[in-house]
2 protein chains.
Amino acid sequence: MFRLSKKTEYAILAMQYLAEKSGEPVSAKEIATSLGLSFEFLSKSLQSLMKSGLVSSQQGIKGGYHLVGTPDMISVMDIIQAVSENVGIVECMTESDCSRSGSCNLKDPMSILQSKVNEVFTQTFLADFANETESNQFFNKDFKILNGIN
Amino acid sequence: MFRLSKKTEYAILAMQYLAEKSGEPVSAKEIATSLGLSFEFLSKSLQSLMKSGLVSSQQGIKGGYHLVGTPDMISVMDIIQAVSENVGIVECMTESDCSRSGSCNLKDPMSILQSKVNEVFTQTFLADFANETESNQFFNKDFKILNGIN
DNA sequence: TCTAATTAGGATAACAATAGTCCTATTTTC
DNA sequence: GAAAATAGGACTATTGTTATCCTAATTAGA
Ligand code: SF4
Ligand code: SF4
């Protein structure tokens, strides 16, 4: 129900990959084969990221994508919103108010919940997805113990 | 993408209604007409809530549903899980590991994100959805200002 | 005992969203 | 000019959500 779409997951994987290989442009094909993803479908994610300015691209042979900005400034929410707007937990959060909106006493508490959810994703950054740096590793371990994750 | 299903939303609305009318059993029909929801579809939600023990039911004429437990002990997560298991933000969180699982460096950071999301929903209770009590109203106002909600 | 109101739940249809593919155009380096 | 790459429209397949329909079982009360 809160499942991230594959398009989003592919986007995060690609961004993670680009973060590691910052420097020369990386082709969609390289990312796809390296991560075992569908090239065609991954391309859609990359093109969305491009549109939102999270990556920049270079066409032609020797072309590819590279990150715009640093991993500690790019939030998961940035990536999610780049590939698909819908982060509203209920209709009235993003789209126009629903038919029940006038007399709905769920709307207000839901907006609080929405803010909390938003915070989780805006406060998690690409850097937190980096491949086990020391600080990150420590944080992970700590958090896992705290939350009883294997 | 993080949209709650209607089944979940109906369940929360129903629970909210039951919380107000705690005491005598309330029929699905009354809830449906009172809230302007489809009786048939709402019934599915109520039956799921029943299965999970969040409400108890009485069949026959004069029957209906009533809350089990107090609103401050029933979390939104309880309700979500009652109507639909899938709360995993990625496949490997709930179902069996996906094909990429072995070499996936997204899995670990995702599990942290999952915990944060879970926390939001396990730490929000039916009582927080109550119809504007004084304390709740204050909290709402406070939180809204803090988060820039209209 | 019969009736009406109610919950329980299976089956299924209608609709929407997601996932994935295919094809063509454009750009760029060599 | 050829090859490799991005850009993106169009389309299909699959899955998930939403909703309805129908029937059975239960229970209070006349
Ligand atoms: S919370 Fe209320 S107003 Fe918002 S979508 Fe749900 S029913 Fe409509
Ligand atoms: S995070 Fe990795 S292991 Fe988990 S579902 Fe996504 S690709 Fe598979």
Side-chain angles (χ1 to χ4, degrees), chain A residues 1-11 13-14 18 24-33 36-66 80 83-91 94-95 98-100, chain B residues 1-11 13-14 18 24-33 36-66 80 83-91 94-95 98-100:
Chain A
M1 178 191 279
F2 298 119
R3 181 69 47 91
L4 268 60
S5 69
K6 286 286 173 194
K7 205 179 163 202
T8 297
E9 198 175 342
Y10 282 23
L13 279 163
L18 290 176
E24 77 265 49
V26 183
S27 75
K29 193 180 175 188
E30 179 187 331
I31 302 173
T33 54
L37 308 175
S38 150
F39 162 74
E40 297 281 1
F41 197 50
L42 172 66
S43 291
K44 300 296 181 192
S45 296
L46 286 165
Q47 284 166 26
S48 294
L49 291 170
M50 176 66 195
K51 265 192 184 169
S52 301
L54 295 185
V55 303
S56 73
S57 67
Q58 192 190 345
Q59 278 193 328
I61 198 168
K62 290 277 176 186
Y65 298 89
H66 59 89
I80 290 172
V83 300
S84 62
E85 327 271 282
N86 265 4
V87 290
I89 59 174
V90 284
E91 193 181 340
T94 46
E95 278 101 298
C98 90
S99 56
R100 299 195 60 265
Chain B
M1 179 190 277
F2 296 120
R3 181 70 45 91
L4 268 59
S5 68
K6 287 287 174 195
K7 205 179 164 203
T8 298
E9 199 175 341
Y10 282 23
L13 279 163
L18 289 176
E24 78 264 50
V26 183
S27 74
K29 193 181 176 188
E30 178 188 332
I31 302 173
T33 53
L37 309 174
S38 148
F39 162 75
E40 297 281 1
F41 197 49
L42 172 66
S43 292
K44 300 297 181 190
S45 297
L46 286 165
Q47 283 165 27
S48 295
L49 291 170
M50 176 65 196
K51 266 192 185 170
S52 301
L54 295 185
V55 303
S56 74
S57 67
Q58 193 191 342
Q59 277 192 331
I61 197 166
K62 290 277 176 187
Y65 297 91
H66 60 88
I80 289 172
V83 300
S84 61
E85 326 272 281
N86 265 4
V87 289
I89 59 173
V90 285
E91 193 180 340
T94 44
E95 279 100 301
C98 89
S99 56
R100 300 194 60 265

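Throughout, a chain's letter reflects where its sequence line sits, starting with A, and its residues are numbered from 1.
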Give me the atom names and distance for the closest heavy-atom approach of [X] to [Y].
X	Y	result
B/V55	B/L46	CG2-O, 4.1 Å
B/S43	B/A28	OG-CB, 4.0 Å
A/L42	A/A32	CD2-N, 3.6 Å

Any residue meeting ring pair (Phe, Tyr, Trp, His ring centres under 6.0 Å) with A/F41, in chain and number order, not counting sequence neighbours: A/Y10
Expressed in angstrom and rounded to an integer, what is the separation of [X] atom [atom1] from [N] atom [atom2]?
X	N	atom1	atom2	answer
A/M1	C/dT18	CE	P	14 Å
A/R100	D/dT18	CZ	C1'	16 Å
B/R3	C/dC15	CZ	P	20 Å
B/K29	C/dT6	NZ	C1'	10 Å
B/F39	C/dG9	CZ	P	14 Å
B/E91	D/dT15	CD	C1'	13 Å
B/E9	D/dA19	CD	P	10 Å
A/L4	C/dT18	CG	C1'	13 Å

Listed once per pair and sorted, the side-chain hydrogen bond (donor to acceptor under 3.5 Å, both in side chains) pairs that draw on residues 48-60 of chain B, sequence neighbours left out: B/K7-B/S48, B/S56-B/H66
Sequence-distant partners of B/E40, side-chain contact (heavy atoms from CB on, under 4.5 Å), two or more places apart: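 B/E40 satisfies side-chain contact (heavy atoms from CB on, under 4.5 Å) with B/S38 once adjacent residues are dropped.
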side-chain contact (heavy atoms from CB on, under 4.5 Å) partners of A/T8, counting only residues at least two apart: A/L4, A/S5, A/I12, A/I80, A/V83, A/S84, B/M1
4.5 Å side-chain heavy-atom contact, B/L37 and B/K6: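 No, their side chains stay 4.5 Å or more apart.
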Ion pair check, A/E9 and A/R3, cut-off under 4.0 Å: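 A salt bridge is absent here (no side-chain N lies under 4.0 Å from a carboxylate O).
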Protein-nucleotides 27-30 of chain D N/O pairs closer than 3.5 Å?
from, atom 1, to, atom 2, distance (Å)
D/dT27, O2, B/I61, N, 3.4

Distance test, side-chain N/O of A/S57 to OP1/OP2 of D/dA5, below 4.0 Å: no
Side-chain N or O of A/Y10 closer than 4.0 Å to phosphate OP1/OP2 of C/dT18: no
DNA chain D-proximal residues of residues 40-53 of chain A, any heavy atom under 4.0 Å: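 Output list: A/K44, A/Q47, A/M50.
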